[in-house]
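The structure appears below as structure tokens.
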Amino acid sequence: MRLRLLATALTVALTLSLSAECYAAPKKLGPDGRVPAKWDQPKPLQVNHPDVAPLAAGGDGTGYNTLSFSSFDDGDMVVTGGSPTGHAGEWDERYYLGSLADKCIWSANTAPVNGVQREEPRKYRAYDNAWGLWVPSVSATKRTAARSYCKSQSGEPYDISSSKTDTSRWYCSKLAWGSYKSAAGIDLDADGGYWVWPIDLVNDSQTAVFASAK
Amino acid sequence: MRGKGVRAATAVAVACIALLAALACGGCRSEASHAKASEDGPVAVVLVHTKSGSELDVVDLSTMRLARRVKLRSLCLEIAADARTRTVVTAQCGGPDRSADDAAGIYRIGERKVRYVELGIPNPLDVATAGGVALLVHGFERSGRLVTTRMDVATQHVLGHGSLGPGALAPLAWRDGFIVPEIDVASDPLACSLVAMDRDGRASALGSLDARRAALVAPEAGAAGPPRLILSRASEPGSDASWSLARLGASGIESEAPISALQYGVADACMWGELLAVADADGVDMSDPGDTLWVFDPGTGEQKLALRIAGGMPAAVASWQGRLLVADGVSGDLLEYASDGRLRSRLKLGGAPVGSAALVVVP
């Protein structure tokens, strides 16, 4: 009984805290106009990683997950795992027409003419697990600005060794990280350091998980 | 003695179960399912994503048996067939970083391996073929437009690169070239137009459509006829009085008929003899991906059949000589329906439940 009361109190507190501090896009508002606690799902256990270049970023597109894309909004991030370092992209609602085949996710990729480009949601199902992330403390306007920042880097080259201060070369998670750094002035790299890994975006305390799947 | 009795009883029980299972499955098996699979005649090629990556599964349409599995070198999301050379072209977008790809795969039916042509532009996502030329649309922009590549299927040479608007959708073969719907994402509400591209890469506007979205439907494999369009004027799938079927002629849309609202949108569609089958599904949320195939008279929009795939999702469809083939995006199976809507066979291909697949028929 005591445990149930505690759980209820925690749920209410979580709902209130999300409602008080977050700016939700329409897809994440409940019928009562508030942000349900379900948009703050548990995060995976944090595993420390060395601050080195994620050389095997993303793995090879094998495995699968069933991540739901129905609640993604402008500026939300999709991160995949199941390989040494995963992959990351940022949602562009303007290019989403309701299909898994819409080219609506900005990311940076390589080989052989590399650069910032658009990917399809179904590509992100080809990994062992995936998360949908949003940043509750950032307004919808700034989230859209973050997405626009990704677009404005379109075609710029991929470079896994580029520093965080280099805004002309990118890798997948650095693009999403850089978009929020530029548009909202926040640092989403959970553990700091030279590189920002995809999983750092999941681990960061300012992001919330609204969708996850294996 | 007792052990022998138990074994005998077990053997009888196993035999009975096997017999019952065979009888139960009899109604959904192809009549020729015991024949050997061949790749010499008409085949269906299914793009399947398995836990170990993308593969092409070649299915003999005379026996509905798997003739061959061909592993692809990287992640692939779309395929197209060139019937004249019995070739399937794959768009190899690959995964991120070192697994990224920029190639088109060339698979000739009956061969064991896929040849790859480096396109020089990353992330090919869509592909269509017309008159021996493949058009690939990349998820890569230059000057704000999506880059395209044209490739000669027979010689496997890149013919050149071009571009389409940033909202370009999947292309389709049309009048010795290609036709592509483009969405103007800057307009509110969204506006859709058609662009033609000839085999030399010259693009020309065919005019705007009174629709927010459009899906193109090719004639049945090996058949002539105009392409059809499924138009949506809805802001969201499921809205009433907003869907229609249109026939495309030389001067644009020649006729249009309203159809009942689709709940999810168009995962895929195909001509099925004289009828048009629409996969009302999206796979966006796999707990509710959409499970219905609507079959319409394309001239009047009258609904003729509704095929429900219980627990499944029609991710890709194609037809051949009165039979409707459906790639199930949940089970990964290939389903075959007779012209009266009866399920004739179900072939297990081992695909993962990812809500997408591609399917072509090579006559």
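Chain letters run A, B, ... following the sequence lines, proteins first and then strands; every chain starts at 1. Computation of the quantities below employed the complete heavy-atom set of this structure, encompassing side-chain atoms and omitting hydrogens, waters and symmetry-equivalent molecules.
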**Prompt:** Can you find a heavy atom in the side chain of B:L293 that is under 4.5 Å from one in the side chain of B:D280?
**Reply:** no
**Message:** Would you compute the distance between atom CG of B:L229 and atom CG of B:L209 and round it to the nearest 0.5 angstrom?
**Reply:** 6.5 Å
**Asked** Could you state the interatomic distance from CG (B:L194) to CG (B:L216), rounded to the nearest 0.5 Å?
**Response** 6.5 Å
**Message:** Tell me which pairs pass salt bridge (charged side-chain N to carboxylate O under 4.0 Å, His left out) where either residue lies in residues 187-208 of chain A, with sequence neighbours left out.
**Reply:** A:K164-A:D189
**Request:** Spell out the residues in residues 157-166 of chain B that have some non-hydrogen atom less than 4.5 Å away from a non-hydrogen atom of chain A, in order of number; otherwise answer 'none'.
**Result:** B:P166
**Fill in**
Answer key: most heavy-atom pairs under 4.5 Å with chain B among A:E119, A:E120, A:R125 is A:R125
**Request:** With a 4.5 Å cut-off on heavy-atom pairs, point out which of A:K103, A:R122, A:R94 contacts chain B the most.
**Result:** A:R122
**Complete:** Minimal heavy-atom distance between B:A203 and B:V195, with the atoms involved, is CB-CG1, 4.1 Å
**Item:** Contact leader toward chain A among B:L146, B:V137, B:V266, where contacts are heavy-atom pairs under 4.5 Å
**Value:** B:L146
**Asked** Do we see a donor-acceptor contact under 3.5 Å between the side chains of A:D92 and A:W106?
**Response** yes
**Complete:** Okay, B:I183 and chain A: the region with an atom under 4.5 Å from a heavy atom over there is side chain
**Prompt:** For A:W177, is the NZ or CZ atom of A:K174 found under 6.0 angstrom from the centre of its six-membered ring and inside 45 degrees of the ring axis?
**Reply:** no
**Asked** Is chain A contacted by the side chain of B:A168, its backbone, both, or neither, given a heavy-atom distance below 4.5 Å?
**Response** backbone
**Message:** Within 45 degrees of the ring normal and closer than 6.0 Å to the centroid, is that where the cationic atom of A:R147 sits relative to A:W91?
**Reply:** no
**Request:** Could you tell me which portion of A:S154 (side chain, backbone, both or neither) has an atom closer than 4.5 angstrom to a non-hydrogen atom of chain B?
**Result:** side chain
**Asked** Any side-chain heavy-atom pair from B:S356 and B:H49 closer than 4.5 angstrom?
**Response** no
**Request:** Identify the two heavy atoms, one from A:W195 and one from A:I160, that lie closest to each other, and give their separation to 0.1 Å.
**Result:** NE1-O, 2.5 Å
**Asked** What option among A:L100, A:D102, A:T66 has the most heavy-atom pairs under 4.5 Å with chain B?
**Response** A:L100
**Asked** Is it the backbone or the side chain of B:D288 that comes under 4.5 Å from a heavy atom of chain A, or both, or neither?
**Response** neither
